[in-house]
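What follows is a set of notes on a single structure, which appears directly below.
This structure is a prediction, so every number in the text was calculated from the model and none was measured.
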Amino acid sequence: MEKKKKIKFIFRILVVLWMVVIFLFSAADGDTSGKTSGWVGRMIGSMICSDFESWPEEEQEAFADKIEYPIRKAAHASEYALLALLLFGALGLEGFRRYAVAWGGATLYAVTDEIHQLFVPGRAGAVTDICIDSAGAMTGMLILAGILALVRRHRAKKDPSTPPGSQSSPS
């Protein structure tokens with residue numbers, strides 16, 4: 001198997017594994033999901049507030065509750081940004097189509113994930129979460145496009161004989 005095919009194969013395995021991780025997070029009931037968010041909130045509190053551990057339990061809980069919503073939404077956006085990046089690496093397309101299909105695939109999976117949550121006790125599917133997931137996937141694609149443009153520009157400066165835009169995106 002040639003190197004490019006091996007890399008795409010690895011990305012395809014990573015796509016499936018990441019989809020399973022997303023599915024498992026979504027399969028957690030409302031109580032479990034809330035406890036996970038609370039734990040993350042407390043962890044963040046202890047990282048950004050040096051005296052967090054000395055706070056009364058009620059204050060720690062209030063802090064974790066206060067940041068729960070932004071944590072959950074940032075997690076949504078991040079997990080779908082990563083999914084879009086993995087899909088990008090798994091695709092055999094070139095140019096804009098590759099970005100569009102990676103974004104579309106991540107968005108489609110977000111739709112199925114929210115439908116899945118309709119059947120999980122204490123959870124609910126939300127159109128706003130699909131929008132956040134899709135925006136996260138788009139952000140991942142925009143960041144990647146920016147990084148690849150910088151890499152191409154850097155390579156073009158190193159080798160001025162290469163015409164601009166002639167280098168394809170990495171496989």
Partner residues of Glu59 under the salt bridge (charged side-chain N to carboxylate O under 4.0 Å, His left out) criterion, sequence neighbours left out: none

Pairs where residues 10-38 contributes a residue and the test salt bridge (Lys or Arg N to Asp or Glu O under 4.0 Å) is met, not counting sequence neighbours: none

Beyond-backbone contact of Tyr109 with Val15, side-chain heavy atoms, under 4.5 angstrom: no

Contact check, side chains of Glu114 and Gln117, non-hydrogen atoms, under 4.5 Å: yes

Separation of Ser78 OG from Leu83 CG (nearest 0.5 Å): 12.5 Å

Under 4.5 Å side-chain linkage, directly or through intermediates, the cluster mates of Phe96: none

All salt bridge (charged side-chain N to carboxylate O under 4.0 Å, His left out) counterparts of Glu53, not counting sequence neighbours: none

With sequence neighbours excluded, residues passing side-chain hydrogen bond (donor to acceptor under 3.5 Å, both in side chains) with Gln60: Arg42

Residues in ring pair (Phe, Tyr, Trp, His ring centres under 6.0 Å) contact with Trp55, at least two apart in sequence or another chain: Phe52, Phe63

Single hit among Ile130, Ile132, Thr128 for side-chain contact (heavy atoms from CB on, under 4.5 Å) with His76: Ile132

Report, one line per pair, each donor and acceptor closer than 3.5 Å where one atom sits in a side chain of residues 134-147; sequence neighbours left out.
| unit_1 | atom_1 | unit_2 | atom_2 | d |
| --- | --- | --- | --- | --- |
| Ser134 | OG | Trp103 | NE1 | 3.1 |
| Ser134 | OG | Thr107 | OG1 | 3.0 |
| Thr139 | OG1 | Ala135 | O | 2.8 |

Close side-chain approach of Arg152 and Leu148, heavy atoms under 4.5 Å: yes

Counterpart residues, side-chain hydrogen bond (donor to acceptor under 3.5 Å, both in side chains), relative to Asp65 (two or more places apart): none

Residues 68-75, side-chain donor-acceptor partners within the protein, below 3.5 Å, at least two apart:
| unit_1 | atom_1 | unit_2 | atom_2 | d |
| --- | --- | --- | --- | --- |
| Glu68 | OE2 | Arg72 | NH1 | 3.4 |
| Arg72 | NH1 | Ser33 | O | 3.4 |
| Arg72 | NH1 | Ser33 | OG | 3.3 |
| Arg72 | NH1 | Ser37 | OG | 2.5 |
| Arg72 | NH2 | Ser33 | OG | 2.7 |
| Lys73 | NZ | Asp129 | OD1 | 2.6 |

Note, Val16 side chain near Met19 side chain (heavy atom, < 4.5 Å): no

Co-members of the apolar cluster containing Leu108 [side chain, <4.5 Å]: none

Verdict with supporting geometry, Ile22 and Tyr80, side chain to side chain contact (heavy atoms under 4.5 Å, CB included): CA-CA 9 Å; Ile22 292 171; Tyr80 282 89; 3.4 Å; yes

Within one Ile-Leu-Val-Met-Phe-Trp-Tyr cluster: Trp18 and Leu24, side-chain cutoff 4.5 Å: yes

By side chain to side chain contact (heavy atoms under 4.5 Å, CB included) - contacts of Ile115 (at least two apart): Val111, Phe119

Close side-chain approach of Leu17 and Val21, heavy atoms under 4.5 Å: no

